[in-house]
Amino acid sequence: KEKVEITKEQKALTKVIVEAYNRHQIPQDVAKKLLQDQYSVEENFLLLTEMATSQVQVIVEFTKSIPGFLSLDHEDQIALLKGSAVEAMFLRSAQVFSKKMPNGHNGILEERIRKSGISEEFITPMFNFYKSIIGLHMSLEEQALLTAITILTPDRPYVKDHQAVEKLQEPMLDVLRKVCVLQHPQEPQYFARLLGRLTELRTLTHYHAEMLTSWRMNDHKFTPLLCEIWDVQ
Ligand SMILES: O=C(NC1CCCCC1)[C@H](C1CCCCC1)n1c(-c2ccc(-c3ccccc3)s2)nc2ccccc21
């Protein structure tokens, strides 16, 4: 049985990523807002655009803390952020959804999201993804490293220097693999299952523009930033 050892450098890298991840929480807690009141489909759509806009800023700050990211070609930095923004949004939403809440609150939150205005056809795949994330019982390190790995995906559209991005993503994958072995010793396949969620995340993200334009209301308004990120309008 291979003795897994996390090196000093890998410990330092994990610390930087987890600290950056913790620092960039969503300003106001969307789950609390959703539990407070029942909103109309229009208010929910507005809430999503507000949350998404603040999340983009949060993700930019988080990404800038990833060692080496700011040394990448500037256009590649934009391509990586643009290419991962929606995946990061769903990953963050899944993590928000997976937070243990006082009795019954998770049920209310699920109910509010089901009735938020999202078209029926997208509700099932979305909650299947959320529930598969919950089932993994990810640690904070795993959540932070998985988010960094998602952002540092070399094969995003318009990335020119794939190699340079791979060189940043690989150390993250190495330390995530070791963290998984150390934190889930009973599940040798845990790391593989974790990466498998990224495939499910891409599938869900595939529908995101349609999820927005089919939001059960007329006249969907998007800010220029969200038009960029969401490929709408
Ligand atoms: O606010 C939200 N998510 C924040 C995004 C930024 C990061 C923090 C979370 C929304 C709310 C849903 C209900 C109505 C208001 C918005 N949300 C979703 C999404 C459903 C569909 C989503 C989407 C994204 C992009 C494109 C197309 C569709 S996100 N899943 C959640 C699970 C748990 C708590 C909130 C959750």
Side-chain angles (χ1 to χ4, degrees), residues 20-63 81-102 104-136 138 140 143-144 146-148 150-151 197 200-217 220-223 225-233:
Y21 187 76
N22 276 336
R23 219 177 15 253
H24 303 312
Q25 294 286 1
I26 298 291
Q28 83 268 18
D29 182 357
V30 62
K32 206 164 45 238
K33 262 182 110 113
L34 287 166
L35 288 165
Q36 248 155 14
D37 292 310
Q38 192 113 1
Y39 297 107
S40 70
V41 285
E42 289 77 9
E43 286 164 331
N44 276 319
F45 189 80
L46 197 64
L47 181 56
L48 173 60
T49 55
E50 283 162 13
M51 294 313 301
T53 302
S54 67
Q55 164 75 6
V56 168
Q57 287 142 6
V58 154
I59 279 289
V60 168
E61 289 315 306
F62 169 70
T63 307
L81 284 165
K82 188 170 164 6
S84 62
V86 178
E87 286 179 24
M89 217 165 283
F90 277 119
L91 198 49
R92 187 82 200 139
S93 296
Q95 285 149 5
V96 169
F97 190 73
S98 63
K99 277 206 183 80
K100 195 84 199 89
M101 278 185 274
H105 283 198
N106 286 82
I108 298 170
L109 181 61
E110 175 161 348
E111 199 47 38
R112 294 275 158 87
I113 296 166
R114 283 183 182 281
K115 294 193 170 7
S116 60
I118 301 171
S119 291
E120 207 43 47
E121 69 201 282
F122 302 118
I123 293 281
T124 309
M126 192 174 77
F127 278 107
N128 286 346
F129 175 67
Y130 290 170
K131 295 192 172 158
S132 70
I133 289 288
I134 291 174
L136 286 170
M138 287 167 70
L140 185 65
Q143 287 181 37
L146 196 68
T147 303
T150 302
I151 294 163
R197 297 284 74 83
E200 201 180 341
L201 180 58
R202 281 209 183 181
T203 315
L204 186 67
T205 305
H206 183 70
Y207 306 117
H208 78 273
E210 223 187 310
M211 279 170 94
L212 293 158
T213 51
S214 67
W215 203 276
R216 289 201 312 275
M217 64 188 229
H220 307 90
K221 280 197 181 52
F222 303 99
T223 62
L225 170 67
L226 293 178
C227 287
E228 265 296 303
I229 292 289
W230 279 347
D231 305 322
V232 288
Q233 207 148 350

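Just so you know, ligand 1 is whichever comes first in the structure, and atom 1 is the first atom listed for that ligand. Just so we're clear, the structure is a prediction, and the values are computed from it rather than from any experiment.
Within the structure, the closest approach of Arg112 to ligand 1 does not fall below 4.0 Å when heavy atoms are considered. In this structure, Trp230 has a heavy atom closer than 4.0 Å to ligand 1.
Taking every non-hydrogen atom of Met89 and a distance limit under 4.0 Å, the qualifying atoms of ligand 1 come out as 5 (C), 6 (C), 25 (C). Of all atoms in ligand 1, listed by their number and element, those nearer than 4.0 Å to a heavy atom of Val96 are 33 (C), 34 (C). Interface of Arg92 with ligand 1, defined as ligand atoms under 4.0 Å from a residue heavy atom, comprises 7 (C), 8 (C). Short contacts between ligand 1 and Met126, defined as distances under 4.0 Å to a heavy atom of the residue, involve ligand atoms 20 (C), 21 (C). Against a heavy-atom cut-off of under 4.0 Å, His208 is close to the following atoms of ligand 1: 26 (C), 27 (C).
Here the closest non-hydrogen pair linking Thr205 and Leu201 is OG1-O, 2.7 Å.
Every residue two or more places apart in sequence or in another chain that forms a side chain to side chain contact (heavy atoms under 4.5 Å, CB included) with Leu225 is listed here: Thr53, Val56, Thr223, Ile229. For Lys115, the side-chain hydrogen bond (donor to acceptor under 3.5 Å, both in side chains) partners two or more places apart in sequence, or in a different chain, are Glu111.
In this comparison of Ala94, Ser214, Ser98, Ser93, the heavy atom closest to atom 29 (S) of ligand 1 sits on Ser93. Proximity annotation for atom 28 (C) of ligand 1: of Tyr130, Phe90, Tyr39, Phe45, Phe90 comes nearest, heavy atoms only.
Using a 4.0 Å cut-off between charged side-chain N and carboxylate O, Arg202 and Glu87 make a salt bridge. Between Lys82 and Asp231 there is a salt bridge, since at least one side-chain N of the basic residue sits less than 4.0 Å from a carboxylate O of the acidic one. A salt bridge links Lys131 and Glu110; the closest N-O separation between the charged side-chain nitrogens and carboxylate oxygens is under 4.0 Å.
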Worked verdict on Phe90 versus Tyr130 for ring-ring contact (aromatic ring centres under 6.0 Å, His included): CA-CA 9 Å; Phe90 277 119; Tyr130 290 170; 7.1 Å; no

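At a heavy-atom distance under 4.0 Å, atoms from both the backbone and the side chain of Asn44 approach ligand 1.
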